[in-house]
Amino acid sequence: MTLQLFLLLAAALFAIGVFGALSQQSVVMVMMGLELMVNAVIVAAAAFWYFLAPAAPDGQVLLLVVISAMTVEMAMGFAVATLLFRASDVDMTDMAAELKR
Amino acid sequence: MGLRTSAQRLLAGWAARRPHVLLVTAPGGTAARLAVEAQARALGGVLTGEPADADVLVVAGSPDGELADAVGVLWSQIPAPKVRVDVLDSARAAALLSAGIHRLASTPDAGAESTEQVEPMGEHVHQQEAEMGHEHGGDGGHGHGGHTDAEQGGHEHGGHDHGGMQMPGGLMMADRAPDRDGLKLDVLHVALGPVLPAWPSGLVIDVELQGDVVQGAEVRVLAGAGDAMRFWADGTGVAAGRRRAAAHLDSVGRLLEVAGWSGAADRARGQRDVLLTETGEPVGEAREELRRLRRRVERSWGLRRSLAGLGRLGHGDVSRLGLSGPAARAAERGGDVWARLQTWLVEADLALSSGPVAPAEGPRGRPGRGSDALVAAAAHLMPGLDLGDARLVVASLDPDPDDLHSTGVAGDRDPHSGHGENGHHDEGPHGMPGGTNHQHDGHVA
Amino acid sequence: MTSLVQQAPAWSVLVAVPLVLCAAVLAGSLDAVLDPRGELPLRARLLRPVYEASRSLLVQRRSTTAPDRLLWAVGVVTPLLVAVLMAQVVPLGFAVVSDLGVGLVWFNAMDVLLWAGWWLAGWGPNSVYSLIGGYRFLAQALAYELPLMFALTAPAVAASSLSVPQIVAAQQGRWFIVQMPLAAVVFAAAVAAFAAWGPFAHPVGQDIAGGLLVEQSGPARLLLRWGQYALLVVGSAMTVALFLGGGAGPLLPPWLWTLLKSAAVLAVLLAMRHRMPVWRPDRLMRLAWLVVLPLVLAQLLVVSVLAAAGGGS
Amino acid sequence: MTLAVFIVLAVIAIASGVAVFVVDSMARATFALAASFVAVGGELILLTLDYLGVVTILMMVMEMAIMVVFMVMFMMNPAGLMPMSMLHNTRGALTIAAGTFLLLGAAAVLVPWPARRGTVPADPTRAIGEAIMGPQMPVMVGISALLFATIVSALVLAVPHGRYDQPAHDSGETDR
């Protein structure tokens, strides 16, 4: 196990997340892309903590913050999706963009 | 299938010690039903409501028309090895059921003719065991009607839809309509009945579901064969008071079963059987038993919490819907499901001590009208309730299909419609953040 | 009675799995014995799991229209699998398969897997009642999960450890049920809830024709039923470890004490099944959020104050 | 041994991550994402972060169980029974994603990471506990305020106006 391996894993997960977030039409699926990107951040942060500065707890605290951020993102995402859906029966990003006009 | 080893025989023998009986009552089959229920219990079996879980299908009475088709669908949904028993005469119920279970034990798959039908998106393997126990000889062809996409057939969980998009597997995409939270969600059309656990068999309520919330309800009654005897109302045998008490206990048992309290439901059914059979049992003892049951039920905080305030029918509703019988008198106690349960228990006690409360009426109210009004009340109350609550409401009204059929209204009347309520309810929080009132889409068989 | 809980050798994993299965079967017998319905001889009741298993093995495979077979299979095995995974951190006497430092959190995480598992068992068959059963479980899960988490937190605070063996060790003087009775009761109730049992059996309720179980036949049904029993067994054993002193007791060996206490808790849970009505989820939700959650938080406060006072001395 | 476990978990994490956007069925997509998170939780346990690993599994499986309800509620074709594409601009997204991977991967391999400072504490769980109850307390206070704000604003956004107005006629339970 080396830092590089973990970072490669994180890079792969992040790239998949980017693909999802850019290519999906549905708001909920875009959120899943974002989740995968956060997932990659978790891996990278844990690896940095373990391989670079294990003595300081800051890395672990950062992880906690990331996990909380993920739940916040999720809750707000659901709320916005519900709002959009209620407003105009839409769950697609393209259609939501059209709403603005 | 050449592996008919002794081990398999051994397993079959053990399996038959705990037969799971799926009981379907056709109009006029109430006496046979009671006999089968008692015998199944005595044999160590268990009554089940699900074809997936059954190995013995017992048909009490003789279904015809749509109900016969539904029984055929049920039979096709029971996985082999399975046995079908038709009981017409209550006196022979015990013997027929025992013979059926014996058959199940002795021939794990002897003579099994297996029919395989592979359908586009799902396979259905029917392996059929010996069918037996016909009282009415010539009728060999019980509907083994394959897999009809029937909306009847209680367990086909029908999802037919109006003008939806065709999807693979012959499924339809669901319609959508606004739900009570202002979200436009899918509507499923599901038929409750004619066969469900603790359900008046033969009654069908077509409901529109959004998630598990009923948005509309229409009632149909599947006609039975000939003029069914209305067992509870004008049966003969034991005294009128005992019969009335037994009828109410039958309803109580069904309601408690739906409420998920099978122990108490079983007690109510046990007392019902005692009242109907042992004419010699002193009234005092029967009343003492009944009072114990009533205390038990009324003291249950959980039950009260579940039932109180649900399905309320005030005095206005009673007169508008033409209700009579216990359901009407329950308006004095508040008119909810809890009040109707109490009324049954109180009136059963009164019936034992001094005869039926209203001797001119049947247990469901005015002769020929009682169950009709009950069905109308159910259709009126159901929209806006979630499915579990709707089941409780129906069970608390407990219309008697025999009663409906013999009035002649059942076959060709307009369905009582709950649509007047229409699909939009803003009746306030259901108390469930993100819980059950959610949807799914087109994914329904 | 001062010896700490020891980590058993690695091969004990292999013992733990059949042990959980046997316990699930015995729980089936006990359930039949406690069943108030019918008047069957004791022998027929004790052998009921054997009869039921025989049925299941003979039954033909059955399917529905357009099921999601993969997810269905995942859902069906999850309850039993979760029970086995939970069992890894539950001590029997003074031995435990894995003294994971964060055993308590592990137990909690495994119970959350049930959210997914039960829902999938409802989704897979592609049937209305079954899916409603799945939704009902999620609604119920929202009601029981937070009280369960705080009930788990209480013994962790009192023992100032997340490790189950250390929690057992910390209550050799006085069982935790003495200082946190409410947390113990809430925990046991939550065990019944995640096993969809007794008053919490709404997801498998008769009013929706068996709900999650409606389309399950043969081995699938058996796996789900045994999964429920296994969850109740492991949950009872965990109750004993967290609140009832684990293997502590006079005269008898610790493993026997664990078994006896677990059987007692299990009997109470099993007995609830036919003796109480099922609670409607909306009313349960109200009760859980408005009454139980504040009570458990108050309990946690009391325990924390006691721990702070005790830790200061 | 640990390397083997790492590789297995990494493959699971990536494969199920890909599966999220490949499978048709929304239920499968959601639980594929959950599987990816569980695998990452396993990786954290490999890095001695038992507590954070298990908490990741706990939080994410719970989140996905809720997520699937939303998926099924809002999506056109949750079971994936009908072949339909929900993608737009696939090629561009694929290019950008590949570019991202190459960039990050190159950085991971080529950057000369500094040497390790210090050693892993005997009990990392205790270390983080003491950190957030000690020097890092403000962070946790901030997070809890943020979470509370999230709860409130999510409710405000998602709930129609007047949802909590008690109906006039009764206590607001489901009776009618």
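The structure displayed is predicted, hence computed values, not measured ones. In the text below, chain A, chain B and the rest are named by the order of the sequence lines, each starting its count at 1.
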Exercise. Measure the shortest side-chain to side-chain distance between D:Pro114 and A:Leu52 over non-hydrogen atoms and say whether it is less than 4.5 angstrom.
Key: yes
Practice problem: Indicate yes or no: at least one non-hydrogen side-chain atom of A:Leu5 is less than 4.5 angstrom from one of D:Phe6. | Solution: yes
Quiz item: Top residue by heavy-atom pair count (under 4.5 Å) with chain A, among D:Leu104, D:Ile96, D:Leu47?
Solution: D:Leu47
Exercise. Could you tell me whether the side chain of A:Leu36 reaches within less than 4.5 Å of the side chain of D:Phe21, counting heavy atoms only?
Key: yes
Self-check item: ring pair (Phe, Tyr, Trp, His ring centres under 6.0 Å) involving D:Phe101 - partner list, sequence neighbours excluded
Solution: none
Self-check item: D:Leu33, part contacting chain A, at a heavy-atom distance under 4.5 Å
Solution: side chain
Practice problem: Tell me, for D:Thr30 versus chain A, whether the close heavy atoms (under 4.5 Å) come from the side chain, the backbone, both or neither. | Solution: both
Quiz item: What part of D:Leu49 lies closer than 4.5 angstrom to a heavy atom of chain A: side chain, backbone, both or neither?
Solution: side chain
Practice problem: Find out whether D:Ile66 and D:Glu63 are in side-chain contact, i.e. whether some heavy atom of one side chain is under 4.5 Å from a heavy atom of the other. | Solution: no
Practice problem: Measure D:Ile143 against the heavy atoms of chain A and call it side chain, backbone, both or neither at under 4.5 Å. | Solution: side chain
Quiz item: Can you name the residues that form a side-chain hydrogen bond (donor to acceptor under 3.5 Å, both in side chains) with D:Ser16, not counting sequence neighbours?
Solution: none
Self-check item: Most contacts with chain A, counted as non-hydrogen pairs under 4.5 angstrom, among D:Met60, D:Glu130, D:Met140
Solution: D:Met60
Exercise. Would you mind checking which part of A:Phe6 comes under 4.5 Å of any heavy atom in chain D, side chain (CB onward), backbone (N, CA, C, O), both or neither?
Key: both
Exercise. Heavy-atom distances under 4.5 Å only: say whether D:Leu44 touches chain A with side chain, backbone, both or neither.
Key: side chain
Practice problem: Name the region of A:Phe14, side chain, backbone, both or neither, that has any atom closer than 4.5 Å to a heavy atom of chain D. | Solution: side chain
Quiz item: Hey, which of D:Leu146, D:Leu3, D:Val40 has the most heavy atom pairs under 4.5 Å with chain A?
Solution: D:Val40
Quiz item: Is the count of non-hydrogen atoms from other residues, nucleotides or ligands lying under 6.0 Å from D:Phe37 atom CZ greater than 12?
Solution: yes
Exercise. Counting only heavy atoms closer than 4.5 Å, note whether D:Val18 contacts chain A via side chain, backbone, both or neither.
Key: both
Practice problem: Could you tell me which portion of D:Met67 (side chain, backbone, both or neither) has an atom closer than 4.5 angstrom to a non-hydrogen atom of chain A? | Solution: both
Practice problem: Sort out for me which residue in D:Val38, D:Val68, D:Val23 forms a side-chain contact (heavy atoms from CB on, under 4.5 Å) with D:Phe31. | Solution: D:Val68
Exercise. Report yes if the side chains of A:Met29 and D:Met26 come closer than 4.5 Å at any heavy-atom pair, otherwise no.
Key: yes
Exercise. Let me know if A:Ile16 has heavy atoms under 4.5 Å from chain D in its side chain, its backbone, both or neither.
Key: both
Quiz item: Using a cut-off of under 4.5 Å for heavy-atom pairs, which of A:Ala40, A:Ser68, A:Pro54, A:Ala79 has the most such pairs with chain D?
Solution: A:Pro54
